[in-house]
Amino acid sequence: MSTSRRPGVRGNRPTATPSRDAGTKLGRTSSRESGRPRTDRSGASPRPGRLGSLAAAPPRRPRKPVALGVGHPRRRARMLLVATLFIFSLFAAQLLRIQGFDAQSVSAQALKSRLHTSSVPAQRGSIVDANGTVLAASLDRVNIVGDATATVVYKKRVDGQVRTVGLAGAATDIANAVGVQPQPILTALQQAEKKGSQFTYLAKNVTPAQWKAVQDLQIPGISSEASSERDYPQGTSLAPLLGWIDASGQPGGGVEQLEQKALNGKPGKHVYEQAPDGTTIASGDNKDTPAVDGKNVQLTIDNDLQWYSQNALAEAVKKAGALSGEIVVMDPKQNLKAVASYPSFDNNNIASAGSSDLQSRPFTDAYEPGSTGKIITMSALLQEGKATPASPVVVPPTLTRAGTTFHDAEVHGTENLTLAGVLAQSSNIGTMLAGSKLPSSTIYEYMQKFGLGQTSGIGFPGESDGVLTPFQKWSDTQKYTVLFGQGVAATGIQEASIFATIANGGVKEPTKLVSGIGTGNDFTKPADDRSSQRVVSSSVATQITKMMEGVVSGDGTAKAALVPGYSIAGKTGTANRYDPKLGRYDGYTASFIGFAPASNPRYIVAVTLQRPTKGSIYGGDVAAPVFSQVMSYALKNGGVPPSGKQATPYPLTFQPEKSRKP
């Protein structure tokens, strides 16, 4: 049967929404009924029906549509979750890259940031004399370094309480342990802290014992590096010959520079890991490349003879009021036994040295030798057969050549001298007259053979080759002055070499200073491409020797050179001294060079004083007594037995034919 629709009712469902009370009475309504009221198509609310009485309460306020925007809790939670997962994915990817793909490179970079490298200095080789006496050696030393960024927190117990004393306290404690003033250390630390530097030197070349005292303080950021210090136990007696080592470890002149390659060695490396506080990581990647120590160098020098020569020279220079002086002692094979130079300096304290005292004068100073140079002229005359020791030479009071008037050191009348007498009396005029028998080219050739105009070949730093102008460029007067040792310049080494050649029977040996290079006491003779050369015959050398014995005889110019019990052969020299700073002659050069025993030479001694101002200026008065002192010591120290009296010299004068009786 059909059912008529009631107003407000669609089907069997009420069109009005019952109130909360009505719902209670009628029972639970469906979810659709619990919504908001239906409307017709026109938008008007349906009319109330039977159930209208149940909806007496006002209608519920319409609910807003659900907005799922950013502010919604569920949406916000989802976005935070996504963001978190994204960030964690980035971390995971970076972790994968660091620990997986780039693990090796990242690890290497981290290690590099921790690694520090310090140089391990090679121990410089020692220099010893011919008997093994140490002349120069390296001592173990320590450089104290600091990391100011770590030291700033230094704490120590003060008045029973632990307090932070910082950089100032560290500087004071280090200075007390080392024995220096604290202010330079504090300044270094403060400057390093200001720059953020983790490395600065606080004290250099402290002893291991001093470093131990600093180490015991346990100051944070304070560490050390190995170092060494050069020590010269013989002091001033050998300083110009040995040279020195500067603050940067570089050699300055002398044997130190000459044998740098052998002495220096090869530095090593110390690689270590360092923690941020400046301490070394004991278990870290620490590697050492050991240093190769330098080799030892043995010299031909006799330290005792060197010491005696230096003292005798210093006394002579002071006594004569001389500008400077030098002594060379060698044997006939030209092994240098002493090379003294005064004024000297202390190579243990190079900062106090004067610039003019640093050079070894026998190697570096060239001067006009004067009459000692007459030995070359006499040797050439005998070797070329132009004269004999007994050849007569009439010596006038003066002699004019090339527009210049020459005279001897002492005024005299006409003298009838033999060639031996010319040498014994050291006559310039007699030497000119005899030497004129030889052309300039021949004289020049013998000067070269005896070693003038060239270095010794030792390679000594700063060594001069002297001055020997080619004979083609000699002036008219120079052709005569070179015959008696002026107009030519030589060093003390060159001059001593001339006499050593005569003492060695006319054979010139290479001059030698270094006898061996090696480790410990095992030395090997260094390579040497120089060779000996015969300059004059042995018979000529013997004749020259006997002529020089006449120089120290009663009629000679150097009686003060005699050594009791030994025969002496030698020659005086007194020359005008050229001063390159003034550009003119200034004062004199006084010298004496000789050897003993004359019959079997063991030592050659050359003594030279520059510009003596007190008393005599002559080599026979100023230099000959010093020669006697040094030669006497050398012979006795060397165990050379006495050789007896002087041999009978050649006749020094001759009797003219017209004055001879029938």
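- Taking OG from Ser237 and OH from Tyr342, the interatomic distance works out to 13.0 Å, rounded to the nearest 0.5 Å.
- Counting all heavy atoms, side chain and backbone alike, Asp357 lies closest to Arg361 at OD1-NH2, 3.6 Å.
- The structure places CG of Leu336 at 10.0 Å from CD1 of Ile604, a figure rounded to the nearest 0.5 Å.
- A donor-acceptor contact shorter than 3.5 Å links the side chain of Lys512 to the backbone of Lys333.
- A side-chain donor-acceptor contact under 3.5 Å links Lys374 and Ser371.
- Using a 4.5 Å heavy-atom threshold, the side chains of Pro251 and Arg124 count as touching.
- The nearest pair of heavy atoms linking Gln494 to Ala490 is OE1-CA, 3.2 Å.
- For Gln310 (side chain) and Val339 (main-chain N/O), no donor-acceptor pair under 3.5 Å exists by modelled atom type.
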CA sep, side-chain torsions, deciding dist, call: Lys559, Asp555, salt bridge (Lys or Arg N to Asp or Glu O under 4.0 Å): CA-CA 8 Å; Lys559 296 185 291 293; Asp555 296 322; over 6 Å; no

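- Remark: the backbone N or O of Leu513 is paired with a side-chain donor or acceptor of Thr300 at under 3.5 angstrom.
- Going from atom CZ of Phe363 over to atom OG1 of Thr455 covers 10.0 Å, rounded to the nearest 0.5 Å.
- No side-chain N or O of Ser643 forms a donor-acceptor pair with one of Ser599 less than 3.5 Å apart.
- Between Leu417 and Val394 the shortest side-chain heavy-atom distance does not fall below 4.5 Å.
- If you check the side chains of Thr133 and Asn303, you find no donor sitting under 3.5 Å from an acceptor.
- Counting all heavy atoms, side chain and backbone alike, Ala387 lies closest to Leu419 at CB-CD2, 3.8 Å.
- In the model, Gln334 has no side-chain atom that pairs as donor or acceptor with a side-chain atom of Glu509 under 3.5 Å.
- Taking the six-membered ring where tryptophan is involved, the planes of Phe450 and Tyr446 are tilted, since the angle between them lies from 30° to 60°.
- Ring planes of Tyr578 and Tyr585: perpendicular class, angle over 60° (limits at 30 and 60°).
- Checked by atom type and distance alone, the side chain of Arg530 pairs as donor or acceptor with a backbone atom of Ser456 at under 3.5 Å.
- Distance check, rounded to the nearest 0.5 Å: CZ of Arg401 to CG of Leu483 gives 11.0 Å.
- Thr542 and Thr545 form no side-chain donor-acceptor contact under 3.5 Å, judged by distance and modelled atom types alone.
- Atom CD1 in Ile376 sits 12.5 Å away from atom CD in Glu445 (nearest 0.5 Å).
- Minimum interatomic distance between Glu549 and Ala598 (heavy atoms only, all atoms of both residues): CD-CB, 3.7 Å.
- Side chains of Lys525 and Ser515: a donor-acceptor N/O pair is absent below 3.5 angstrom, by distance only.
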Derivation and outcome, salt bridge (Lys or Arg N to Asp or Glu O under 4.0 Å), residues Arg611 and Asp586: CA-CA 8 Å; Arg611 207 183 70 184; Asp586 179 42; 3.3 Å; yes

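- The shortest distance between side-chain heavy atoms of Glu384 and Thr442 falls below 4.5 Å.
- Side-chain atoms of Gln298 never come within 3.5 Å of backbone atoms of Ile517 as a donor-acceptor pair (strictly under, hydrogens ignored).
- Considering all non-hydrogen atoms of both residues, Pro597 and Tyr566 come closest at CG-CD2, 4.3 Å.
- For the residue pair Gln610 and Thr589, a side-chain donor N or O sits within less than 3.5 Å of a side-chain acceptor on the partner.
- Between Asp304 and Tyr633 there is a side-chain heavy-atom pair separated by less than 4.5 Å.
- With contacts defined as side-chain heavy-atom distances shorter than 4.5 Å, the pair Thr481/Glu368 does not qualify.
- Remark: the backbone N or O of His407 is not paired with any side-chain donor or acceptor of Thr398 at under 3.5 angstrom.
- Inter-residue side-chain proximity for Leu438 and Tyr444 is flagged as unmet; no heavy-atom pair is nearer than 4.5 Å.
- The aromatic rings of Phe484 and Phe406 lie perpendicular to each other, with more than 60° between the two planes, well past the 30° mark.
- Thr418 contributes a side-chain N or O that, together with a main-chain N or O of Pro651, makes up a donor-acceptor pair within less than 3.5 Å.
- Using modelled atom types and a 3.5 Å distance limit, the side chains of Glu326 and Thr608 yield no donor-acceptor pair.
- Residues Ile617 and Thr574 come closest through the heavy atom pair O-CG2, 3.7 Å.
- In the model, Ser427 has a side-chain atom that pairs as donor or acceptor with a side-chain atom of Asp408 under 3.5 Å.
- Side-chain atoms of Val536 and Leu382, non-hydrogen and from C-beta on, never get closer than 4.5 Å to each other.
- Without hydrogens or angle criteria, Ser341 side chain to Pro240 main chain gives no donor-acceptor distance under 3.5 Å.
- The line from OG1 of Thr557 to OH of Tyr618 is 11.5 Å long, rounded to the nearest 0.5 Å.
- Looking at Leu263, Leu238, Leu241 one by one, the single match for side chain to side chain contact (heavy atoms under 4.5 Å, CB included) with Ile127 turns out to be Leu263.
- The closest donor-acceptor contact from the side chain of Ser309 to the backbone of Leu305 lies under 3.5 Å.
- Lys571 and Ser426 share a side-chain donor-acceptor pair at under 3.5 Å.
- For Phe595 and Phe499, the gap between ring centers reaches or exceeds 6.0 Å.
- The closest donor-acceptor contact from the side chain of Glu259 to the backbone of Glu256 lies at 3.5 Å or more, if one exists at all.
- In this structure, a donor-acceptor pair under 3.5 Å is absent between the side chains of Gln359 and Thr364.
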